[in-house]
Number of protein chains: 2
Amino acid sequence: MFRQLADLLRNQIESGELGPGEPLPSELRLAQEYNISRTTVRQAIGQLRTEGLVTVDRPRGTFVRVPEPIEIIPLARGEHASARMPTDAERRKYRLGEGVPVLVVTAGDGTETVHPADRVQLTRP
Amino acid sequence: MFRQLADLLRNQIESGELGPGEPLPSELRLAQEYNISRTTVRQAIGQLRTEGLVTVDRPRGTFVRVPEPIEIIPLARGEHASARMPTDAERRKYRLGEGVPVLVVTAGDGTETVHPADRVQLTRP
DNA sequence: TCGAATTTGTCCGTATGTATC
DNA sequence: AGATACATACGGACAAATTCG
């Protein structure tokens, strides 16, 4: 059931019915609207949070995430790249929202640079 | 309180006290051990799941994640790559563990291919 | 300035379902 | 068949922070 609600909200976001920065209905309202418990509503919203689709500003409400401007980073010869979830320390350092991975670029000498995945795109020039 | 338990378990994992593939105590055992509700235990374990530190094999138990063998994928000329968290549907499709991002490679014609980030490394040949 | 209302966060207890051993 | 273990859903209660009259 919580998946159905998550799918429903995700569709509203991806269709533009809920635009970036717009608030979702409150947990209580959603629970009453669909006749489910607040626990189940929170589970659905938790799903969207881990997907990085919404952010929560407590106790103001839950909002559709606003896209970050994208920076283009070239992948130099001999470098390789991977992605993972950040550590807590990295989350604070780069001020990452929930559900935002990091891109790790490793140079030939083993030096690693970390980039927030919601602001960076790798290209091969 | 659930954060304290999550920190405690995370320390046991990172210190090697709980090695890869080893099971965590069951939710019920943890709840009794620390005199907290199973709800709170589940919240703590949920935290570790979103961090990608543990996987759950229902209903066998919860285990410290075993690192995946890595496949090397070249980034062709004109392609670009980014990373994000998968949707629930993608998680099922690619059999992704929780807390595992996806690498999205976009070709020149706009075609997107999705790779599990815990098994793939991008290189520039 | 004060207090009420709103909204999310946390914790508890209970029950039932489902898959594994 | 029975025990075990995680998944899901319900309900209630209080805390913390913001907003607003």
Side-chain angles (χ1 to χ4, degrees), chain A residues 1-10 12-13 18 21-66 88 91-92 95-100, chain B residues 1-10 12-13 18 21-66 86-92 95-100:
Chain A
M1 190 175 291
F2 84 85
R3 277 173 218 286
Q4 291 179 21
L5 177 56
D7 291 345
L8 192 150
L9 293 171
R10 193 186 303 105
Q12 291 187 359
I13 292 172
L18 277 173
E22 276 190 76
L24 274 62
S26 79
E27 296 173 356
L28 192 59
R29 276 203 48 82
L30 288 171
Q32 291 170 340
E33 178 106 21
Y34 298 101
N35 252 307
I36 54 181
S37 73
R38 199 186 140 207
T39 309
T40 306
V41 172
R42 282 182 63 77
Q43 227 173 334
I45 291 180
Q47 176 67 37
L48 301 180
R49 291 172 74 166
T50 68
E51 293 176 12
L53 259 59
V54 302
T55 56
V56 174
D57 187 0
R58 172 189 175 196
R60 287 190 52 240
T62 305
F63 302 86
V64 179
R65 176 162 294 172
V66 178
D88 264 7
R91 284 257 318 274
R92 288 192 294 268
R95 305 199 177 170
L96 298 169
E98 286 178 290
V100 177
Chain B
M1 188 174 292
F2 84 85
R3 276 173 215 287
Q4 290 179 21
L5 177 57
D7 291 345
L8 192 149
L9 293 171
R10 194 186 302 105
Q12 291 186 0
I13 292 172
L18 277 173
E22 278 190 76
L24 274 63
S26 80
E27 295 173 355
L28 191 59
R29 280 212 31 93
L30 287 170
Q32 291 169 341
E33 178 106 21
Y34 298 101
N35 253 307
I36 54 182
S37 74
R38 202 188 136 204
T39 309
T40 306
V41 172
R42 281 183 61 76
Q43 235 175 325
I45 291 181
Q47 178 68 35
L48 302 180
R49 292 171 73 166
T50 68
E51 293 175 11
L53 259 60
V54 301
T55 56
V56 174
D57 187 1
R58 170 189 173 195
R60 286 190 49 240
T62 305
F63 303 86
V64 179
R65 175 161 294 172
V66 178
T87 65
D88 209 42
E90 287 172 330
R91 285 243 325 274
R92 295 169 189 281
R95 301 192 180 172
L96 297 168
E98 287 175 287
V100 177

Requested in this report: Report the C-alpha distance between A:T40 and A:E27 in whole Å, list the side-chain angles of each, state the deciding distance to 0.1 Å, and finish with yes or no for side-chain contact (heavy atoms from CB on, under 4.5 Å).
Outcome: CA-CA 9 Å; A:T40 306; A:E27 296 173 356; over 6 Å; no
Requested in this report: Decide yes or no on side-chain contact (heavy atoms from CB on, under 4.5 Å) for A:F63 and A:D57, but give the supporting numbers first.
Outcome: CA-CA 8 Å; A:F63 302 86; A:D57 187 0; 4.0 Å; yes
Query raised in the report: What's the verdict on side-chain contact (heavy atoms from CB on, under 4.5 Å) for A:L18 and A:Q12, showing C-alpha distance, side-chain angles and the deciding distance?
Result: CA-CA 6 Å; A:L18 277 173; A:Q12 291 187 359; 3.5 Å; yes
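The backbone N or O of B:T87 sits less than 3.5 Å from a side-chain atom of B:E90, completing a donor-acceptor pair.
Protein atom CD of A:E98 is 12 Å distant from nucleotide atom C1' of C:dT8, rounded to whole Å. Per the geometry, CG belonging to B:L5 stands 14 Å off C1' belonging to C:dC11, to the nearest Å. Per the geometry, CZ belonging to A:F63 stands 10 Å off C1' belonging to C:dT7, to the nearest Å. Remark: P of C:dT16 and CE of A:M1 are 16 Å apart, rounded to the nearest angstrom. As a whole-Å value, the separation of B:N35 CG from C:dC11 C1' is 14 Å. In this structure, the CZ atom of A:R38 is 11 Å from the C1' atom of D:dG12, given to the nearest Å. Rounded to whole Å, atom C1' of C:dA5 lies 16 Å from atom CZ of A:R60.
The residue B:T40 sits close only to the backbone: its heavy atoms come under 4.0 Å of sugar-phosphate atoms, none of a base.
Salt bridge absent: A:E98 and A:R91 never bring a charged side-chain N and a carboxylate O closer than 4.0 Å. Ion pairing between B:D88 and B:R92 holds under the 4.0 Å rule for side-chain N and carboxylate O.
For A:F2, taking side-chain heavy atoms from C-beta onward, the closest of the listed nucleotides D:dA9, C:dT7, C:dT10 is D:dA9.
Of the residues in residues 22-32 of chain A, A:S26, A:E27 come within less than 4.0 Å of DNA chain C through at least one heavy atom, sorted by number. Listed in residue order, the members of residues 45-58 of chain B having a heavy atom less than 4.0 Å from DNA chain C are B:R58.
B:Q47 and B:E51 share a side-chain donor-acceptor pair at under 3.5 Å.
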